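A quick note: this is a predicted structure, and the numbers were derived from the prediction, not measured. For the single chain, residues carry numbers from 1 onward in sequence order.
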Amino acid sequence: MSDDGERASGVINTWQEKKVPLHFEQEKLVKWFTEERGAVFYLMFGITYNCQLKCPHCCVGNYENEPLRQLTTEEVKDVLDQANKAFIINFFGGEPTMRPDLMELIKYASERSIYVLCDTNGLKITKDYARQLKDNGLEILYVSIDSPHPEEHDRLRGMKGLFEKATQGIKNALEVGLKCELSTYITKENLANGDFERVIQLARDLGATGVRYLLPTPAGRWLYHPEVVLSKEEEKKVRKIAKFPYVCRDFYFQNQSSSQCRGLSDNVYFYISPYGEVQPCCFIPLKFGNIREEPLNTILERMWGHSMFNECWVKEECPMISKEFRAKYIDTIPKGCKLPFRM
């Protein structure tokens with residue numbers, strides 16, 4: 001077996017040992033590592049900024065929602081063709097289920113990648129809808145739960161009764177055999193008062209596949225609120241609570257033991273907006289090109305060749321919590337400028 005093949009087998013064995021809830025087809029994975037691997041490992045694809053909610057913590061809340069600029073079905077498919085063969089395609093929003101072509105896009109992506117994931121607020125996840133997601137090739141559905149307390153979750157998202165609908169959506173997904181994880185975020189408050197741990201327990205009570213959490217990041221509607229960032233002691237507390245792999249940070253391939261982002265530091269993760277803008281991450285309001293104007297690989301070469309990716313902070317932590325990065329790239333964005341800002 002080649003070195004790549006041995007590496008693939010090692011990855012599979014590790015995931016199996018840790019009970020990472022991904023479907024393993026050894027032959028398919030080994031083939032990807034040895035023959036099919038291209039420039040794209042993990043694509044977070046924002047396919048719409050439409051959403052029924054207006055969450056104060058939304059990580060894309062500082063991008064304007066302009067539905068007429070949204071990529072068409074064929075344009076999204078063209079990106080998926082260019083990303084062939086990606087390891088992961090993660091459909092993101094806004095609210096992806098508001099796109100009437102979501103099932104078509106999931107099916108298309110599942111034929112051109114190894115795993116397809118999707119984020120949702122859970123409003124539209126009826127049993128029939130969940131079955132369609134599964135039948136079209138979705139691997140994991142992430143349902144956002146901000147608080148274990150129904151009234152607090154509803155308040156944070158601005159819709160009464162949302163908690164009940166979201167948790168029912170989780171149950172519906174699980175009932176039809178679709179893997180479903182709770183997606184949540186940590187704040188200083190919910191870490192201190194135990195609500196983060198209660199969300200994990202809620203997931204276990206519901207029988208969910210796991211919990212994905214995000215560390216608080218000064219991005220989106222929190223862009224100019226660096227005070228949300230956890231202290232080193234608070235991060236240590238998170239690591240004691242978050243037992244991988246049932247509880248994982250951001251995605252399974254992330255560094256679980258620090259605030260470092262392996263996706264950026266290893267040049268294997270990036271974001272495409274609903275308008276085709278290519279960004280290092282949806283948190284980082286900087287764009288390096290548009291797939292309507294240039295081939296994806298051309299833009300990725302420009303982005304990953306940029307000097308910011310050689311800066312020490314990329315290897316040490318999420319750039320958006322780095323004072324040096326923010327001083328050089330965020331604080332210098334002209335006030336009132338439409339985001340993301342073109343580099």
Side-chain angles (χ1 to χ4, degrees), residues 44 46 54-63 92 119 142 144-148 152-153 155-157 182-200 211-244 247-266 269-271 279-286 308-333 335 337 339-341:
M44 178 72 79
K54 197 173 178 66
C55 306
H57 55 276
C58 180
C59 66
V60 295
N62 55 357
Y63 304 137
F92 194 62
D119 282 77
Y142 292 118
S144 295
I145 297 291
D146 298 340
S147 169
E152 179 65 6
H153 178 78
R155 183 189 68 79
L156 287 167
R157 297 204 157 227
L182 272 67
S183 177
T184 194
Y185 65 98
I186 296 174
T187 64
K188 290 176 178 290
E189 292 74 21
N190 68 24
L191 182 61
N193 65 21
D195 278 353
F196 174 51
E197 292 168 275
R198 293 185 186 98
V199 167
I200 297 171
V211 176
R212 179 201 48 194
Y213 72 91
L214 287 82
L215 294 174
T217 306
R221 293 198 174 109
W222 284 352
L223 183 60
Y224 297 110
H225 293 278
E227 70 276 5
V228 302
V229 177
L230 300 184
S231 68
K232 295 301 179 185
E233 286 305 310
E234 287 169 327
E235 278 197 25
K236 287 180 182 177
K237 184 176 180 180
V238 171
R239 292 197 290 275
K240 288 181 180 178
I241 296 169
K243 301 301 182 184
F244 181 80
V247 184
C248 70
R249 178 190 159 209
D250 297 351
F251 42 88
Y252 294 112
F253 318 102
Q254 183 58 279
N255 184 340
Q256 303 295 319
S257 61
S258 76
S259 55
Q260 178 202 29
C261 179
R262 284 193 59 197
L264 290 185
S265 64
D266 294 345
Y269 169 90
F270 65 100
Y271 171 76
Q279 301 170 226
C281 171
C282 63
F283 286 174
I284 300 178
L286 306 172
M308 75 165 60
F309 286 89
N310 294 320
E311 304 277 9
C312 61
W313 53 69
V314 173
K315 304 296 182 184
E316 295 173 354
E317 60 190 357
C318 166
M320 291 301 287
I321 67 174
S322 163
K323 292 180 180 179
E324 293 84 0
F325 175 85
R326 294 180 69 87
K328 189 170 183 179
Y329 295 106
I330 303 302
D331 297 342
T332 54
I333 297 175
K335 296 299 181 185
C337 178
L339 299 176
F341 180 70

Determine whether Val314 and Met308 satisfy the following criterion, side chain to side chain contact (heavy atoms under 4.5 Å, CB included), listing intermediate values before the conclusion. CA-CA 8 Å; Val314 173; Met308 75 165 60; 5.6 Å; no

Hey, does [Y] have a side-chain heavy atom less than 4.5 Å from the side chain of [X]?
| X | Y | answer |
| --- | --- | --- |
| Leu223 | Ile330 | yes |
| His57 | Val228 | no |
| Glu152 | Asn190 | no |
| Arg157 | Ser144 | yes |
| His153 | Ile145 | yes |
| Pro218 | Ile321 | yes |
| Glu197 | Pro148 | no |
| Ile284 | Phe325 | yes |

side-chain contact (heavy atoms from CB on, under 4.5 Å) partners for Arg239, two or more places apart: Glu235, Lys236, Ser257

Only counting residues at least two apart or in another chain, list the ones meeting side-chain contact (heavy atoms from CB on, under 4.5 Å) with Val60. Tyr49, Cys58, Tyr63, Phe92, Tyr271, Cys282

How many angstroms lie between [atom1] in [X] and [atom2] in [Y], if you round to the nearest 0.5 Å?
| X | Y | atom1 | atom2 | value |
| --- | --- | --- | --- | --- |
| Asp146 | Leu182 | CG | CG | 10.5 Å |
| Ile200 | Lys243 | CD1 | NZ | 10.0 Å |
| Ile186 | Thr217 | CD1 | OG1 | 10.5 Å |
| Leu191 | Ile241 | CG | CD1 | 5.0 Å |
| Leu215 | Asp250 | CG | CG | 6.5 Å |
| Leu156 | Ser147 | CG | OG | 6.5 Å |

Residue pair [X] / [Y]: nearest heavy atoms and the distance that separates them:
| X | Y | value |
| --- | --- | --- |
| Ser183 | Arg212 | OG-NH2, 2.8 Å |
| Arg249 | Asn255 | NH1-O, 3.3 Å |
| Arg198 | Asp195 | NH1-OD1, 2.7 Å |
| Ser231 | Lys188 | N-NZ, 3.9 Å |

Could you check whether Glu324 and Ser322, counting side-chain N and O atoms only, form a donor-acceptor pair closer than 3.5 Å? yes

Looking at Lys54, I'd like to know if its NZ atom is crowded, meaning that more than 12 non-hydrogen atoms belonging to other residues, nucleotides or ligands lie closer than 6.0 Å. no

Is the distance between the ring centroids of Phe251 and Tyr269 less than 6.0 Å? yes

State whether the side chain of [X] and the backbone N or O of [Y] hold a donor-acceptor pair below 3.5 Å, judged by distance alone.
| X | Y | value |
| --- | --- | --- |
| Gln254 | Arg262 | yes |
| Ser258 | Gln260 | yes |
| Arg221 | Cys55 | yes |

Full working for side chain to side chain contact (heavy atoms under 4.5 Å, CB included) between Phe283 and Leu264: CA-CA 12 Å; Phe283 286 174; Leu264 290 185; over 6 Å; no

Of Tyr142, Tyr185, Phe196, which is the lone residue that meets ring pair (Phe, Tyr, Trp, His ring centres under 6.0 Å) with Tyr213? Phe196

Quick one: which residue pairs count as a salt bridge (Lys or Arg N to Asp or Glu O under 4.0 Å) with a foot in residues 310-319, not counting sequence neighbours? Glu311-Lys328

Derivation and outcome, side chain to side chain contact (heavy atoms under 4.5 Å, CB included), residues Val247 and Gln256: CA-CA 10 Å; Val247 184; Gln256 303 295 319; over 6 Å; no

